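Everything numeric in this text was worked out from a predicted model, so none of it was measured. Just follow the structure's listing: the first ligand is 1, and inside any ligand the first atom is 1.
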Amino acid sequence: MLIDTHCHLDQLTDPAVALAEAAAQGVTQVVAVSESASSMSAVLALAQAHPGTVVAGLGLHPAWISQQAPEAVEAGLLFLAQHLPQAQVLGEVGLDHQWATTPEEQTFQEEVLDRQLALAAAAGKPPNLHSRRCPRQVMERAITFARQTGLNAQLHWFTHSRKLIHQCNDAGIYVSVGPMVVDDPQTQQVALAIADELLLIETDAPVPIGGLPNQPARARAVAEKLATLKGRPLEEIAALTTANFRRYLSGN
Ligand SMILES: [Zn+2]
């Protein structure tokens, strides 16, 4: 089996069809991450409708945070505090310097992220982290969180720098590789640097990648490419990344 560990399932036109198409490709589990208060509700409903297939990720996305009034962010945090125990993952959370360019905006994102990580620590849920234009800052928070809580952390789409991957490997931080790996040589180089025991697969669907519409079934193409790059059978990559995801969830 294959697991898409980062997907915006609630944003797909027909999530049930997308899950069936994914299953036909061997992608039998999908982590549905959320971005806002309303998408957290949608993700919980999807997890309830597809038990065992949909893994619920609840959290407030930094780009969403930067576009809201403070009251809306507070309401989102309250919903998260109440519902995170029902989910398995905190996500999608993180920092995004495309949406936060001033020191004040960046500080606000950091404060909200720290509050979400505190909720995750209290509920015992590992985070699924976004890091656009500020990978080091997010990686350092992931490392601190893992050290302080004994829980794991996942950096999603974190395939820009081999130097940072080496630091993730040393600290035991999980990194997920998405469809960029299929055609992009730079992503391929970075993906090969991720320690075997920390490697995860994702799609970030429905974000279009490589000019193609994106859906969770595409996790198979990611796994196939990783198998080719590593010179190993697809079954081995599937078993490895599935075991990694189980360990990421369990906190060992
Ligand atoms: Zn995402």
Taking every non-hydrogen atom, the tightest pair across Leu90 and Gly59: CD1-CA, 4.4 Å
Closest heavy-atom pair, Asn169 versus Ala195, reported as atoms and distance to 0.1 Å, is OD1-N, 3.0 Å
When rounded to the nearest 0.5 Å, the distance separating CD1 of Ile201 from CG of Leu226 is 5.5 Å
Among Gln154, His156, Arg218, His6, side chain to side chain donor-acceptor pair (under 3.5 Å) partner for Glu202: His156
The expected count of protein N/O/S atoms at less than 2.8 Å from the Zn ion (ligand 1) is 4
Given Val31, which of Val43, Leu249, Val55 fulfils the side-chain contact (heavy atoms from CB on, under 4.5 Å) condition? Val55
Would you confirm whether Gln29, through its side chain, and Ile3, through its main-chain N or O, come within 3.5 Å as a donor-acceptor pair? no
